[in-house]
Amino acid sequence: MRRESRTLTELADDPPPSHLFRQTRGSISTVGVELPWLDAEQAVFIAVDRIPGDDVAMALDYRTDPADPRVVVSDFWTDPKQCSWRAVAPTFSQLVEILRLV
């Protein structure tokens, strides 16, 4: 998770990939960073694709709650030219319930 999450800030610091993957740093943004954008400083990947190029990712988005963050996934299907980040669960604890992991 640590290694994969490092790519968040790497992509956020490079304008073309930052725009393609809609990842930026909230600390340097002149406007609030909201979905479909991901704040690279407030997110941690919890799942990524196994095959490079599939561009599938799931992340904890700590902008909503530092104790129980929202869960977001990458979406390249709606617009293959640019990623959008979509909420799949309002909190991580709700995702755990939905998946019956407890």
Side-chain angles (χ1 to χ4, degrees):
M1 285 173 42
R2 199 175 290 143
R3 183 188 71 211
E4 293 295 341
S5 292
R6 252 182 281 172
T7 63
L8 286 166
T9 52
E10 291 170 5
L11 292 174
D13 292 337
D14 190 0
S18 170
H19 183 72
L20 174 66
F21 291 102
R22 287 193 186 175
Q23 296 174 11
T24 191
R25 290 179 181 264
S27 65
I28 61 172
S29 179
T30 56
V31 296
V33 179
E34 300 296 332
L35 294 178
W37 282 80
L38 190 63
D39 184 339
E41 298 168 325
Q42 297 289 319
V44 173
F45 283 139
I46 58 172
V48 295
D49 54 49
R50 185 173 280 193
I51 300 169
D54 283 351
D55 298 324
V56 176
M58 179 180 283
L60 298 179
D61 182 358
Y62 287 91
R63 290 177 288 184
T64 55
D65 185 339
D68 199 7
R70 141 177 82 191
V71 182
V72 297
V73 296
S74 59
D75 171 11
F76 266 104
W77 300 276
T78 303
D79 179 2
K81 296 176 191 156
Q82 187 176 37
C83 179
S84 291
W85 291 92
R86 310 275 186 214
V88 293
T91 63
F92 181 70
S93 60
Q94 287 183 339
L95 179 68
V96 169
E97 281 183 40
I98 291 166
L99 297 176
R100 297 179 184 184
L101 298 174
V102 233

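- Residues Val72 and Ala87 share a closest heavy-atom pair of CG1-CA, 4.0 Å.
- Note: the hydrophobic cluster containing Val102 also contains Leu95 (ILVMFWY, side chain heavy atoms under 4.5 Å, direct or indirect links).
- Panel note: side chain Thr24, backbone Ala12; no donor-acceptor pair is recorded below 3.5 Å.
- By the criterion of side-chain heavy atoms lying less than 4.5 angstrom apart, applied directly or through intervening Ile, Leu, Val, Met, Phe, Trp or Tyr residues, Leu38 is not grouped with Ile28; the two fall into different hydrophobic clusters.
- Residues Val33 and Gly26 come closest through the heavy atom pair CG2-CA, 3.8 Å.
- Residues Phe45 and Val73 are members of separate hydrophobic clusters, defined by side-chain heavy-atom contacts under 4.5 angstrom among Ile, Leu, Val, Met, Phe, Trp and Tyr.
- Just one residue in the list Leu60, Val44, Val48, Ile46 forms a side-chain contact (heavy atoms from CB on, under 4.5 Å) with Ser5, and that residue is Val44.
- With Asp75 contributing its side chain and Thr78 its backbone, the two residues share a donor-acceptor pair below 3.5 Å.
- In the hydrophobic cluster analysis, where Ile, Leu, Val, Met, Phe, Trp and Tyr join through side-chain heavy atoms closer than 4.5 angstrom, Met58 is grouped together with Phe92.
- Listed by first then second residue, pairs satisfying side chain to side chain donor-acceptor pair (under 3.5 Å) with a partner in residues 35-51 read Arg25-Glu41, Ser27-Glu41, not counting sequence neighbours.
- A pairwise comparison of heavy atoms in Tyr62 and Pro69 identifies CE2-CG, 3.5 Å as the closest pair.
- Two residues are said to be in side-chain contact when any heavy atoms from C-beta on lie closer than 4.5 Å; Arg63 and Leu35 meet this criterion.
- For Arg70 against Thr64, the heavy-atom pair with the smallest separation is N-OG1, 3.2 Å.
- Put simply, the side chain of Asp68 never gets that close to the backbone of Thr91: no donor and acceptor are under 3.5 Å apart.
- Between Leu20 and Lys81, the closest heavy-atom pair is CD1-O, 3.2 Å.
- The environment of Leu99 atom CG is dense: over 12 non-hydrogen atoms of other residues, nucleotides or ligands sit within 6.0 angstrom.
- At least one side-chain heavy atom of Asp55 sits less than 4.5 Å from a side-chain heavy atom of Phe21.
- For Ser84 against Arg22, the heavy-atom pair with the smallest separation is OG-NH1, 3.1 Å.
- Looking only at side-chain heavy atoms (C-beta outward), Trp85 and Asp61 stay at 4.5 Å or farther from each other.
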